[in-house]
Amino acid sequence: MQAKTMEGLLGARINMDMTATPMRVFKEVRRKGDTATMERAMGYVNEFSDTAEQYKAEADEGMKEDAKEAREQAERAREESMEKRRLEREKTEKKTAERREADGQSVQERQDRVEISEEGRTLLREETDAASAAEGTTGADAPAVGEPVLYTSAGVADVETEGGKSAIKGKQMNCYI
């Protein structure tokens, strides 16, 4: 709390308390009918009230300054926190990059790839042929055994077979660990 705020609050309180004495005097002389003393007592009451209002205005101004200072301090703390997090993130990124370089792997080498062997294709064909035989479909009626379908985040990918291995045409599956 600023000194200005404290001074304003204390000054307003003291001056409001000081109005009690002239008000008591005013009430006593009113019963007696002494108008001159009543006017003088009311003058003191008005003077103390005005002074209390001035101190109140000073306290209000001090509280506004306190609020502004608190906002600025919170903003500084938030900026420092953001800077600290940014530095930590950069440090972490550097460590990760250094670890990757130390492992000697590029991003492409670390991606998972799905390859279906020729043995897997043979098993798929055998199972499909067995299922067709069980259903009683043969020849042209039998469902076509095609290449496996690969799904990516972009949708279904075309599959191309080369030397017993499947590869995705035009797109590459990215799966990071």
Side-chain angles (χ1 to χ4, degrees), residues 1-116 148-159 166-177:
M1 185 180 286
Q2 279 191 351
K4 195 174 196 178
T5 304
M6 290 175 47
E7 181 183 342
L9 292 173
L10 288 173
R13 171 69 184 197
I14 290 170
N15 279 287
M16 287 308 291
D17 289 345
M18 290 177 66
T19 60
T21 304
M23 279 304 289
R24 188 173 29 90
V25 171
F26 173 80
K27 291 176 184 176
E28 286 177 17
V29 294
R30 184 175 61 181
R31 277 183 254 140
K32 294 179 185 175
D34 186 3
T35 57
T37 308
M38 283 176 30
E39 287 178 5
R40 198 169 56 239
M42 280 310 289
Y44 288 126
V45 169
N46 288 334
E47 185 179 318
F48 289 136
S49 294
D50 292 343
T51 306
E53 286 181 27
Q54 290 172 355
Y55 277 115
K56 181 189 174 293
E58 186 176 329
D60 289 343
E61 186 179 315
M63 289 193 305
K64 286 179 184 176
E65 290 175 6
D66 283 343
K68 181 180 177 183
E69 186 177 313
R71 281 191 304 270
E72 290 172 353
Q73 202 169 29
E75 179 67 26
R76 281 193 301 272
R78 186 171 51 247
E79 288 175 1
E80 289 173 3
S81 175
M82 287 172 38
E83 180 67 20
K84 184 177 179 182
R85 276 186 253 132
R86 185 185 62 78
L87 291 173
E88 288 175 1
R89 185 178 52 233
E90 288 176 359
K91 185 190 246 184
T92 305
E93 288 173 357
K94 283 182 182 179
K95 285 182 181 179
T96 305
E98 289 172 0
R99 202 172 330 128
R100 286 179 186 159
E101 289 175 10
D103 291 344
Q105 294 179 336
S106 68
V107 174
Q108 291 291 351
E109 292 172 344
R110 287 183 286 112
Q111 293 178 354
D112 287 344
R113 299 184 192 279
V114 177
E115 296 180 2
I116 300 173
V149 178
L150 296 179
Y151 296 93
T152 65
S153 60
V156 177
D158 294 333
V159 177
S166 296
I168 300 172
K169 279 199 260 180
K171 294 193 178 197
Q172 186 170 8
M173 288 178 50
N174 295 326
C175 181
Y176 298 100
I177 296 177

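If you read the sequence from its start, that first residue is 1, and numbering goes on from there. Bear in mind that the values here come from a model prediction, so they are computed numbers and not experimental data.
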Could you pull out every donor-acceptor pair under 3.5 Å between side chains of residues 46-57 and any protein atom, sequence neighbours left out?
unit_1: Asn46; atom_1: ND2; unit_2: Met42; atom_2: O; d: 3.3
unit_1: Ser49; atom_1: OG; unit_2: Val45; atom_2: O; d: 2.9
unit_1: Thr51; atom_1: OG1; unit_2: Glu47; atom_2: O; d: 2.9
unit_1: Lys56; atom_1: NZ; unit_2: Asp60; atom_2: OD2; d: 3.1

Tabulate below the donor-acceptor pairs under 3.5 Å that side-chain atoms of residues 83-92 make, not counting sequence neighbours, or state none.
unit_1: Glu83; atom_1: OE1; unit_2: Arg86; atom_2: NE; d: 3.4
unit_1: Glu83; atom_1: OE1; unit_2: Arg86; atom_2: NH2; d: 3.3
unit_1: Glu83; atom_1: OE2; unit_2: Arg86; atom_2: NH2; d: 2.3
unit_1: Arg85; atom_1: NH2; unit_2: Ser81; atom_2: OG; d: 2.7
unit_1: Arg86; atom_1: NH1; unit_2: Glu90; atom_2: OE1; d: 3.4
unit_1: Arg86; atom_1: NH1; unit_2: Glu90; atom_2: OE2; d: 2.4
unit_1: Thr92; atom_1: OG1; unit_2: Glu88; atom_2: O; d: 2.8

Are more than 12 heavy atoms from other residues, nucleotides or ligands located less than 6.0 Å from atom OH of Tyr44?
no
Quick test of your reading: applying side chain to side chain donor-acceptor pair (under 3.5 Å), list the pairs with at least one residue in residues 20-38, sequence neighbours left out, ordered by first then second residue.
Asp34-Thr37
Distance in Å, Arg76 CZ paired with Glu79 CD, rounded so as to fall on 0.5 Å steps:
9.0 Å
In Å and rounded to the nearest 0.5 Å, what is the CD to CD distance from Glu80 to Glu75?
10.5 Å
Should Asn15 and Thr19 be marked as a side-chain contact (heavy atoms from CB on, under 4.5 Å) after you check the CA-CA gap, both sets of side-chain angles, and the distance that decides it?
CA-CA 6 Å; Asn15 279 287; Thr19 60; 5.9 Å; no
Closest non-hydrogen atom pair, Met63 against Thr5
N-OG1, 3.3 Å
